[in-house]
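What follows is one structure encoded as structure tokens, with my remarks underneath.
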Amino acid sequence: ELDPDGNRRAWVFYCDPASPQQKGALENNHEFLRRVIPKGKPMDHLTQSDVSLMMSHINSYARKSLGDRSPYEAFAFMHGESLLKKLGVVFIPPDEITLRPSLLQ
């Protein structure tokens, strides 16, 4: 995608079909989502508040690939916490993270 001056704003990458190794981080997030919403469970009842809560818990979970920091902490370092607040994402302390179906009950 280019801006009006012709400068590149974004790169788009399309994965090959049936190639999960090309999208490792996405696969990890999918595993976290499935801890909260097991396969076969409907998602049509979820509200934006439910999704924001779930993603706050998932993004507060520390990852080895981020130097034992959470995606929340890495994003806050790069872009500031004010943007996270505007997006409705909050930091969940490690001992309060819930990645089970009970989170949305």
Polar contact flag, side-chain donor to acceptor under 3.5 angstrom, Q105-S102: no
Quick check on the hydrophobic clustering: are L66 and F77 connected, directly or via other members, by side-chain heavy-atom contacts under 4.5 Å? no
Interatomic distance, CG@L2 vs CG@N7, rounded to 0.5 Å, equals 8.0 Å
Supply the atom-to-atom distance I97 CD1 to I58 CD1, rounded to the nearest 0.5 angstrom. 10.0 Å
Single-linkage hydrophobic cluster, 4.5 Å side-chain cutoff, V51 and I37 together: yes
Rounded distance [0.5 Å steps], CZ in R35 versus CE in M54: 13.5 Å
Does any part of the side chain of M55, heavy atoms only, come nearer than 4.5 Å to the side chain of V89, both counted from C-beta? no
Distance (rounded to the nearest 0.5 Å) between R34 CZ and N29 CG: 13.0 Å
Within a strict 4.5 Å, meaning less than it, do heavy atoms of the K85 and V90 side chains meet? no
Is there a donor-acceptor pair closer than 3.5 Å between any side-chain N or O of S49 and the backbone N or O of T47? no
Could you tell me which residues satisfy side chain to side chain donor-acceptor pair (under 3.5 Å) with T98, sequence neighbours excluded, listed by chain and number? none
All pairs passing salt bridge (charged side-chain N to carboxylate O under 4.0 Å, His left out) where residues 5-18 contributes a residue, at least two apart: E1-R9
Audit row: L99, H57, side chain to side chain contact (heavy atoms under 4.5 Å, CB included) steps and yes/no: CA-CA 7 Å; L99 297 176; H57 280 258; 4.3 Å; yes
Does the side chain of E81 come within less than 4.5 Å of F75's, by heavy atoms? no
Using 0.5 Å steps for rounding, measure from the OH atom of Y61 to the CG atom of N28. 10.5 Å
Cluster overlap F91 with L53, hydrophobic side-chain contacts below 4.5 Å: no
Contact summary for I92 and S60, nearest pair of heavy atoms: N-OG, 2.9 Å
Spacing of CG belonging to L33 relative to CE belonging to M43, to within rounding of 0.5 Å: 7.5 Å
How about R63 and S70: do any of their side-chain heavy atoms sit closer than 4.5 Å? no
Please find the pair of heavy atoms, one from G88 and one from S56, that lie closest to each other, and give the distance. O-OG, 4.0 Å
